Amino acid sequence: MNPETPLRIGNFSGFYGDRSDALREMLTGGDLDVLTGDYLAELTMLILGRDRLKDPSAGYARTFLRQLEDCLGLAHARGVRIVANAGGLNPAGLADAVRRLAEQLGLPVRVAHVEGDDLTARHPGALAAHAYLGGFGIAECLRAGADIVVTGRVTDAALVTGPAAARFGWAPTDHDQLAGAVVAGHVLECGTQATGGNYAFFNEEGRDVRRPGFPLAEIHADGSSVITKHPGTGGFVDTGTVTAQLLYETAGARYAGPDVTARLDTVRLTQEGPDRVRVDGVRGEAPPPTLKVGVNRLGGFRNEVVFVLTGLDIEAKAALVRAQMEPVLGKVAEARWTLVRTDRPDAGTEEEASALLRLVVRDPRQEAVGRALSGAAVELALASYPGFHVLAPPGKGAPYGVFEAAYVPQDAVTHTAVLPDGRRVPVAPPADSRPLTAVPEPGLPTLLPPGPVRRAPLGLVAGARSGDKGGDANVGVWVRSEDAWRWLAHELTVERFRELIPESRDLPVTRHVLPNLRALNFVVEGLLGAGVASQHRFDPQAKALGEWLRARHLDIPEVLL
């Protein structure tokens, strides 16, 4: 293949449970060289770990097999290779299942897998502990002729860096090229979030995001890329959708991975045409000397009940039921009450007249949060506030997980590519590394000249996207004009952020400035407790935290409105 020809690599899954027909849509929508599927997240690893407790042969994403059953022949006929991290906790098991499927379908498909990420044995008491591997094991499999490569816990971007390194012959020291592929991989990894899904400005005229198409990247030998989608598919690709995804679940200027540290402050985005955004200028540095390990544990058991309070005296009704539940709650390790005032005065419907009082309990013992709680709540049916009812009866208590990040030296992991012929090829750790440090704070733009202001929602000027990393939340905020950037960079300080998001006032908040993207990225440590699986807050993955921020009012220059 001509080295000047870009690698066309698409995505057909952004999470375990994504659109099942996306694989067929991507295979039939246009030319592709590689298709990637991302199935893993912190919560997914916990779910797969619980699956494996019930069945040691489980631990992988079974939906991937169902997709292949429908589309493996089509992929083979079109010469499209498939790389997916659907192997989860059992990549060897999934590879065997894919081989059996190919045999049943009569297809000469070569299957390989990547392993070595499983460090559970080194973490006593953990349900699953897995290192985030890089892309060079994937590259080894593809160079050996694999048509399908399944992995366990690799970084999401490794699904793209691996095929790109195989295609262009990149070495581990080709940091700029690898960093460019990491950025492209990060844009693709969440599927339709790059094509208008979950996008702050979805409601602007002419944008149809009812069924966004999945994204693809045209990656060049120098690491630059163009983000686009198949013609005729829904959604759209512009510098805003790409910016939003670049800010998703990242932090500062250095975006570290096992293969390379990409400098997000060097990314340049250019609208090259309709649904085509060029990504170039990305610089890379040697990766950190350690690998991140995601450790999932069972934290105990939780239960919840939501009391509906209707009409008058909402606060008094809440106080009464809290007092009535107090005797049983004194026997549990943790109890949290939240009163959500969704009620309106003189409401036209009963729902609009009602508030929700949510009780969440946690304890190491299932019996403490099970029948004891449910019995106490149900027994109040005729003996509490007027209009007593609950959204649903409390259950018997369900296990919840706790996520924590650990780190091990790169050479402490046996990263292995298991090739289609069964040979096991060790993948060496990077020869050079660089400890991760913060970059100096960049200079801010000149302040927007003073003028009239109007009290208005931040979202009239700025977009946002938010997400989770363990117990921390990040909120990326960006604007689309230079004048808006001159205002935002000075206005949305850490202090102002804490005012607008009161939950963050007593937590460490760090602001990262990314001038090339006209963006600020805020990291709020500890907002999500012990991670999404612990269900610490109303929005446990902070998915809507950015939209809450955009809905907050502040004084905005009229020239921007």
Side-chain angles (χ1 to χ4, degrees), residues 203 301-363 367-398 400 455-460 464 466 473 498-506 527-529 532 534-554:
N203 207 29
F301 295 86
R302 71 184 295 280
N303 206 347
E304 69 175 81
V305 58
V306 180
F307 301 90
V308 183
L309 315 174
T310 305
L312 305 178
D313 305 318
I314 295 294
E315 299 285 346
K317 290 172 179 173
L320 173 58
V321 76
R322 289 184 64 160
Q324 290 177 311
M325 292 293 295
E326 197 60 40
V328 69
L329 296 183
K331 301 174 184 177
V332 301
E334 179 187 351
R336 296 184 62 179
W337 292 94
T338 307
L339 176 60
V340 183
R341 296 299 302 264
T342 52
D343 55 303
R344 302 178 185 178
D346 195 22
T349 67
E350 184 177 331
E351 287 177 299
E352 292 176 339
S354 299
L356 301 177
L357 178 64
R358 182 174 182 238
L359 168 63
V360 177
V361 294
R362 291 185 177 85
D363 197 275
E367 63 272 16
V369 301
R371 183 168 297 177
L373 173 77
S374 58
V378 170
E379 288 168 6
L380 296 178
L382 303 179
S384 190
Y385 58 86
F388 179 98
H389 66 288
V390 297
L391 287 185
K396 62 182 180 180
Y400 70 89
R455 196 77 177 170
L458 174 63
L460 295 184
S466 54
R498 284 195 170 113
E499 290 175 12
L500 298 174
I501 305 296
E503 280 183 270
S504 69
R505 288 177 182 171
D506 297 323
L527 184 72
L528 306 179
V532 55
S534 70
Q535 297 285 307
H536 178 73
R537 68 189 293 271
F538 169 67
D539 174 18
Q541 289 182 277
K543 296 291 189 182
L545 186 59
E547 286 302 291
W548 179 26
L549 178 66
R550 293 182 69 236
R552 297 307 309 268
H553 289 223
L554 65 171

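Since the structure is predicted, the reported quantities are computational estimates derived from the model, not experimental observations.
- Checked by atom type and distance alone, the side chain of K317 pairs as donor or acceptor with a backbone atom of L312 at under 3.5 Å.
- Interatomic distance, I501 CD1 to L545 CG, rounded to the nearest 0.5 Å: 5.0 Å.
- Residue E304 comes nearest to V360 through the heavy atom pair CB-CG2, 4.0 Å, listed as atom of the first residue, atom of the second, then distance.
- A side-chain donor-acceptor contact under 3.5 Å links S466 to the backbone of A542.
- Here the shortest heavy-atom pairing between A456 and L460 reads CB-CD1, 3.9 Å.
- Distance check: R455 CZ to H553 NE2 gives 8.0 Å after rounding to the nearest 0.5 Å.
- R358 places no side-chain N or O within 3.5 Å of a backbone atom of V305 that could act as its donor or acceptor partner.
- Ion pairing of R341 with E315 is present here, as a side-chain N (NZ or NE/NH1/NH2) and a carboxylate O approach within less than 4.0 Å.
- Heavy-atom minimum distance, A355 versus L339: CB-CD1, 4.3 Å.
- Side chain of S354 to main chain of T342: no donor-acceptor pair is present (N/O by atom type, distance under 3.5 Å, no hydrogens or angles).
- V308 approaches L356 most closely through the heavy-atom pair CG2-CD2, 4.1 Å.
- The backbone N or O of L500 lies less than 3.5 Å from a partner atom in the side chain of R552, making a donor-acceptor pair.
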Before you tell me yes or no, could you show the steps for E503 and L527 under side-chain contact (heavy atoms from CB on, under 4.5 Å), namely the whole-Å CA-CA distance, both residues' side-chain angles and the distance that decides it to 0.1 Å? CA-CA 8 Å; E503 280 183 270; L527 184 72; 3.7 Å; yes
Kindly determine whether D363 and V361 satisfy side-chain contact (heavy atoms from CB on, under 4.5 Å), including the steps that lead there. CA-CA 7 Å; D363 197 275; V361 294; over 6 Å; no
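- A377 and F388 get closest at one heavy-atom pair: O-CZ, 3.6 Å.
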Between side-chain atoms of residues 323-334 and protein atoms elsewhere (two or more places apart, or another chain), which donor-acceptor pairs fall under 3.5 Å?
unit_1 : atom_1 : unit_2 : atom_2 : d
Q324   : OE1    : S384   : OG     : 2.5
Q324   : NE2    : A383   : O      : 2.7

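- Atom CZ of R505 has more than 12 neighbouring heavy atoms from other residues, nucleotides or ligands inside a 6.0 Å radius.
- Among T310, L309, V306, the one residue that satisfies the side-chain contact (heavy atoms from CB on, under 4.5 Å) test with H389 is T310.
- Nearest heavy atom pair, residue A464 against residue G546, reads CB-O, 3.7 Å.
- More than 12 heavy atoms of other shown residues, nucleotides or ligands fall within 6.0 angstrom of atom CG in L391.
- No more than 12 heavy-atom neighbours from other residues, nucleotides or ligands sit within 6.0 angstrom of CZ on R371.
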